[in-house]
Amino acid sequence: MIMKKRSLFLRIKSSFKKKSLISQLSIFVIALMTIILIDVISFTYIRSSHQIINQYVTDTKKLLALQGSQLDSYFSQLESFSLHLRSDQTFMELISTQKPLSYFASEYLKTRVRNEFYFRNDLLDFSLYDVAHDTSYKISRTQTARNLQTGNAKSIYEQPNYKIFSSGLHYKDIVPAKKGSEKEGLFTFYRTIINIHDKKPLAFVTFTVDKSWPDSNIGTGTENEITILADQNETIFYQRGCERTKDFDMLVKNINSLSDGNLKPHSHTFIKIKNQKFMMVKSRLKKSGWIIINLIPKKQVYAYTESTRNIGFFLGFFSILISTLLISVFIRLFTHPLSVLADQLKSAGEGNFKTIINIQGCKEISLLSDAFNNMILKIDDLIAKNYISDLAKKNAQLVALKAQMNPHFLYNTLQTISAEAIENDQEKINDMVMALSSMLKYTIRGDDSVTLRTEIEHAKDYLFLQKERFGERLSYNIKIDEDLQFLMIPKISVLNLVENAVVHGMSHSAEKLHIEISAEHQDSRLTITVTDDGNGISINDLEEIQRTLNAENWKIDGNAIGLKNLSNRLKIMYGDEAKIHIYSTQFTGTSVVMELAAKEVK
């Protein structure tokens, strides 16, 4: 047997070696993909199965706990209902007397029984046992509305649980409803009304509750589930989804064996009934101690993951078929660049150092192509290195010198004009030139951040120049506390906001324009607001501007001006800690708010 297996392996190995490189690579890649695919799908199936089970159990636990809380509330309502008659003073006087009841007294008790019975819609019957007069009053859903039966009270003493509800601490008891009635009930509630002084029974109240509450409020609604309600002694009061057959008795036996106190509250496990497994989730009520048990078929719980697994395998094998075709084409394309590379290497060997190749292929071939190109470029660079390097260095020095000379030349020229204005007693021209000179010097300074005080001073220079231009049409007011003067802000930020207010506020209008600059500091946040009473912005334009400012574009564009460039600068310098908000009403005015993290000067 071993020799046959070895011979088969050798034949396969020999056949594989005889195949072409394309076939060998195709077989290897397809086999590898198949193994990886099966492993991924299997791992995903197992992991998702556990996650779905855990999530399903967690959700079911929460639901059963909520239903248990509602059931405790339902029990509390029934307990309060069982004591309704005790709050009736006339009723208590009638059952406390030993004298025979008059006709009117008897009718009063009958009326009270009817009222109590029809007070709730979930009662199948209601009974009152008057101990002093040995009389019982009974009414049920199987009779007409006025058909109330009376009799003696002896039957109450014959109840098996009489000692439980007629004495003890609570004078009450709950037992499963009798089977075989026209409409099967959930349980029968017994309550003893006693004399407070001597603790002797005065009357007994019993009523049977139907299954409407658990039918509507217990369970998860899952198909084919089994729902069971049991008391603290594990007596089954309610079941849904399984008939009282041998199978159900076996189910109860299994549940009782698992409900012996070893399981923690809100626990779950799997139990087997004949050949079918069920996932069991339990929840014990906090007040009454009752247990809600939910059983869901295991197949149903795993149905979704199995469907996902099958779809995954189908799509996986379909992908393998498509991949087989693509891999064949890919391998053919992969081998073609090798011949191209060989030809280019031959050309370079003949002294053609201007040859640049661009081969598209696998990583190794691309790296080899890049290495060849780098070698050719380095050889070619060695020829003209000194000449080109020296020329580039001189050009760079010349450009730097021009960039330095132009602003300083303009600044020095403005200083000359200022001096000439002073000599000719042109103070206003001197002030304007000095303001412009100050702004020019401020803009070419290299710092990215300045104090609020410095920024406001240059904003004043700008407003001074604009004031000289527009005259009485332009007015402004600056409200900045002294405490905020030395907080650091981006350079030309307030100046940018002021310029925006002047340009857009005065455009297409001959009216006057008032600009107000203010700042607030709160919770380590600095808020600077520039408000104007100009033309304002339409709703559509305002939305477009705000959308442009909020766009995730952190690039400073040399062609972009105004608020967009300022917004981009703030994003680079402060990240999410800085924002620009625009509030405007057309024909009324505009407020631009710059909000950023407050930083003091170091």
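All figures in this text were calculated on a predicted structure; none of them were measured in a lab.
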Enquirer: Heavy-atom distance under 4.5 Å between the side chains of Met279 and Val57, does that happen here?
Expert: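 Sidechains of Val57 and Met279: in contact.
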
Enquirer: Measure from the side-chain N and O atoms of Asn500 to the backbone N and O of Asn496, and report whether any donor-acceptor pair falls under 3.5 Å.
Expert: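 Checking the backbone N and O of Asn496 against the side chain of Asn500, no donor-acceptor pair under 3.5 Å is found.
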
Enquirer: Could you tell me whether the side chain of Asp72 and the main chain of Lys287 form a donor-acceptor pair under 3.5 Å?
Expert: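 Yes; at least one donor-acceptor contact below 3.5 Å.
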
Enquirer: Are Lys512 and Glu472 within salt-bridge range, i.e. N to O under 4.0 Å?
Expert: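 Salt bridge between Lys512 and Glu472, a charged N being under 4.0 Å from a carboxylate O: no.
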
Enquirer: Is there a donor-acceptor contact under 3.5 Å from the side chain of Lys467 to the main chain of Leu474?
Expert: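 Yes; judged by distance alone, with no hydrogens or angles, the pair exists.
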
Enquirer: Using only heavy-atom distances, determine whether the side chains of Glu544 and Asn540 contain a donor-acceptor pair under 3.5 Å.
Expert: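 No - no donor-acceptor pair under 3.5 Å links their side chains.
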
Enquirer: Would Ser76 and Ser73 count as having a side-chain donor-acceptor pair, cut-off 3.5 Å?
Expert: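 Absent: no donor and acceptor within the cut-off.
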
Enquirer: Between the side chains of Glu457 and Arg453, is the shortest nitrogen-to-carboxylate-oxygen separation below 4.0 Å, so that they form an ion pair?
Expert: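 Between Glu457 and Arg453 there is a salt bridge, with a charged N closer than 4.0 Å to a carboxylate O.
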
Enquirer: Which residues pass the salt bridge (Lys or Arg N to Asp or Glu O under 4.0 Å) test with Glu520, sequence neighbours left out?
Expert: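 For Glu520, no residue satisfies salt bridge (Lys or Arg N to Asp or Glu O under 4.0 Å) once neighbours in sequence are set aside.
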
Enquirer: Tell me every residue that passes side-chain contact (heavy atoms from CB on, under 4.5 Å) with Gln586, counting only those two or more places apart in sequence or in another chain.
Expert: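 In terms of side-chain contact (heavy atoms from CB on, under 4.5 Å), with neighbours along the sequence ignored, Gln586 is linked to Ser538.
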
Enquirer: Work out which heavy atom in Lys479 is nearest to a heavy atom in Glu516; give both atom names and the distance.
Expert: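 Looks like NZ-OE2, 3.5 Å.
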
Enquirer: Is Glu455 paired with Lys491 through a side-chain N to carboxylate O contact shorter than 4.0 Å?
Expert: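 No.
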
